[in-house]
Amino acid sequence: MASDANNASTTNANSSTSSPHPTPTTTSSGCHSHQHCRHKAAHFHRRRGKSATVSLAGVFRRRSLLLRCLLVLPLTLYFSGVITFTVGPLLAILRPAPPPGSVYRSHEVFEKLWPDIHSDNSSSIELSSIWRYRRKLGEQKSCPNGTARQGTESPTLDRYLIIEANGGLNQQRSSICSAVALAGLLGATLVIPRLEFHSVWQDSSEFADIYDEEHFIFTLKDFVTVVRELPEEIMKTYDFNISSIPNIRVQAWAPASYYLGEVYPVLLNQRVVRISPFANRLSMNVPPHIQFLRCLTNYKALRFSSAISNLAQKLVNRVTEKSSSYGGKYVSIHLRFEEDMVAFSCCLYDGGKSEKFDMDAIREKGWGKKFKSSDHVISPGLNRMNGRCPMTPLEVGMMLRGMGFANDTPIYLASGKIYQADRNLMPLRKMFPLLQTKNLLATEDELAEFQGYSSRLAALDYAVCLFSEVFVSTQGGNFPHFLMGHRRFLYNGHAKTIKPNKPKLALLLHNTSIRWDAFKNEMQSMLAEIDKKGTAVPIVKKSRRKASIYSNPLPECRCLLESKNISSAFMLKAAE
């Protein structure tokens, strides 16, 4: 019994030690005893006090953050303004805006002004009265005596001159004219000029494919003897290979004295002289009777072959018929926006990275590493400001509409394959729906024999542009150079050519805020100035290589105007 009591006492003692609060019976209030309820109430009040403290702290933190924001925001705005008005100009100095006229924004200007352009036909130009000024021919130099040979001495008909005409259609034309002049200077017989095959123009045409050989030989017979081939005895000496004949390399624009002193002795000794390349190898400053031979060749002896002249006449007739509402008069445009021209110019347009990739590839293919050399500086912005960038079809259209040409004006477009034609020609077609090209005027069968021959296709364009009431030159080069001179020849000295002030145009089309009426005023002033200049007698400086009878045929070539053999019908054939 005692042992059980001791065990029980030990058990209670252990229980009391391990659990200070014995487990009582639970009351209705949820407390097991009054003592437990007091403990629970005290714990509840402690937790409530802590939560209230935390809640008040959060409120104070939020209010403190709001106050800081209210204090910091004005300071932030103040300092941002300081930065804007102090650092901003500094950044502008370090990275200035592009100079006016240096960036192509014509497409942006067009999109903004298109509603006004589309609805404006208020100042339509009548093509029959577009040229207000007329050139008055004053005293001219007398024509050189072209009735007999006037070479170095008696003609050395057993001596022969061979030249290789390089370049495109009209650069080759220049070489041919100079070859006739040189043959006259040296008293040599001219072998029908050879046409160089060029990797850019990709035209394997021979002389007879482009020009009428019979007419060429017959027209020149009283001045220079022309043969198709060298005599067999000379060919035998060189194994019947013209390339075996020693070639004389001549500096550009060599004077007549050089040929008389250096080339003529070789001609007398070898009986044959070959000069290749020959483009721009004879000075424009030559004796009058030699210059006359250039005139005679360019404006009378060089007539396109029957295949070219026949189709050219059809195209002229068709574009004239489509211009009946304007009395058969039309505007022709020479557009140089082919991909090789755009690439060579190194100008930037609105094509972004895709355009740059295309142009880099074309430059690499056509000119190798030329544009990547360290001494070759590419300045697209400067090129545009200086008027060296090819005009886009969009720019040409805006210029003409601004000058007052209505949207129903008949337009003939002369060009090669336009870069991204579908996209770039769309704005021009919107502004001039009556736009025509040789591909639209001729059938596929008619053009079949010309496809792949750039010079023959260019000859078709030349003939149609020649007889337009207005010719628009957009980029320069030999094509407009010759055509402007030919038109002066036909129209008694007046150029009848729109040669735009491209630096001024670039400046105007850089301004995306310009109004249509302001742009029109500028274009109409430009047209008036062009018309006035077109009648002026150019001041020809003999030291200038470009002041040639090809662009300014008068007064040197006036003798052709007086020729009884030149009728209106013949002029068309001669022009072809």
Side-chain angles (χ1 to χ4, degrees), residues 101-110 167-171 200-201 331-352 354-363 365-367 370-371 376-400 402 411-429 431-432 435 437 454 457-458 461-462 465 471-484 497-510 523 526 530:
S102 63
V103 179
Y104 180 80
R105 290 177 176 164
S106 305
H107 57 301
E108 298 175 35
V109 177
F110 173 72
L169 174 69
N170 290 287
Q171 187 169 328
V200 174
W201 285 275
V331 175
S332 63
I333 302 170
H334 182 229
L335 186 64
R336 292 306 314 273
F337 205 67
E338 302 92 344
E339 61 179 20
D340 61 323
M341 189 67 199
V342 176
F344 189 82
S345 72
C346 296
C347 295
L348 299 177
Y349 295 90
D350 61 337
S354 174
E355 177 188 299
K356 183 181 184 303
F357 179 82
D358 290 345
M359 295 301 104
D360 285 343
I362 294 167
R363 283 190 284 265
K365 179 181 178 181
W367 296 278
K370 175 181 178 179
F371 291 92
H376 192 95
V377 179
I378 297 178
S379 303
L382 187 60
N383 287 348
R384 182 165 299 283
M385 293 169 65
N386 291 336
R388 295 175 182 170
C389 290
M391 291 178 67
T392 63
L394 180 151
E395 291 174 321
V396 176
M398 288 190 67
M399 178 186 72
L400 293 179
I411 300 284
Y412 179 81
L413 187 65
S415 71
K417 185 179 179 181
I418 301 298
Y419 173 60
Q420 293 191 356
D422 291 342
R423 178 173 70 91
N424 287 315
L425 281 178
M426 187 182 302
L428 182 60
R429 291 190 183 280
M431 288 182 272
F432 293 99
L435 186 73
T437 65
S454 60
L457 292 170
D461 281 336
Y462 188 99
C465 291
F471 171 63
V472 182
S473 171
T474 65
Q475 183 58 19
N478 286 304
F479 186 101
H481 183 68
F482 272 75
L483 196 56
M484 284 188 287
T497 296
I498 292 178
K499 190 177 180 181
N501 183 339
K502 291 173 66 176
K504 180 178 181 179
L505 197 60
L507 192 64
L508 292 170
L509 291 175
H510 185 100
M523 292 301 97
M526 186 184 291
I530 290 168

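Note that the structure is predicted; figures quoted are calculated from it, not measured. By convention here, the first residue in the shown sequence is residue 1.
- There is a side-chain donor-acceptor pair under 3.5 Å between D358 and Y419.
- Within a 6.0 Å sphere centred on CZ of R388, heavy atoms belonging to other residues, nucleotides or ligands number 12 at most.
- Considering every non-hydrogen atom in both F432 and G397, the closest pair reads CE1-O, 3.7 Å.
- By the 30° and 60° cut-offs, the orientation of the rings of Y349 relative to Y104 is perpendicular.
- Other residues, nucleotides and ligands contribute at most 12 non-hydrogen atoms within 6.0 Å of the NZ atom of K499.
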Next on the checklist: One pair to check against side-chain contact (heavy atoms from CB on, under 4.5 Å): F482 and L169. What are the steps and the verdict?
Outcome noted: CA-CA 10 Å; F482 272 75; L169 174 69; over 6 Å; no
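- Of the residues listed (M391, M399, E395, R384), the one engaging K502 in a side chain to side chain contact (heavy atoms under 4.5 Å, CB included) is M391, and it is the only one.
- When every heavy atom of T474 is checked against every heavy atom of I333, the shortest pair comes out as CG2-CG2, 4.2 Å.
- Shortest non-hydrogen contact noted between N501 and M526 is N-SD, 3.6 Å.
- The heavy-atom pair separating P500 from S473 by the smallest distance is CD-O, 3.0 Å.
- Among all heavy-atom pairs drawn from P390 and R336, the shortest one is CB-O, 3.1 Å.
- Closest approach of N383 and C347 over heavy atoms only: CB-SG, 3.9 Å.
- Aromatic ring orientation, F344 versus F371: perpendicular (interplanar angle above 60°, classes split at 30° and 60°).
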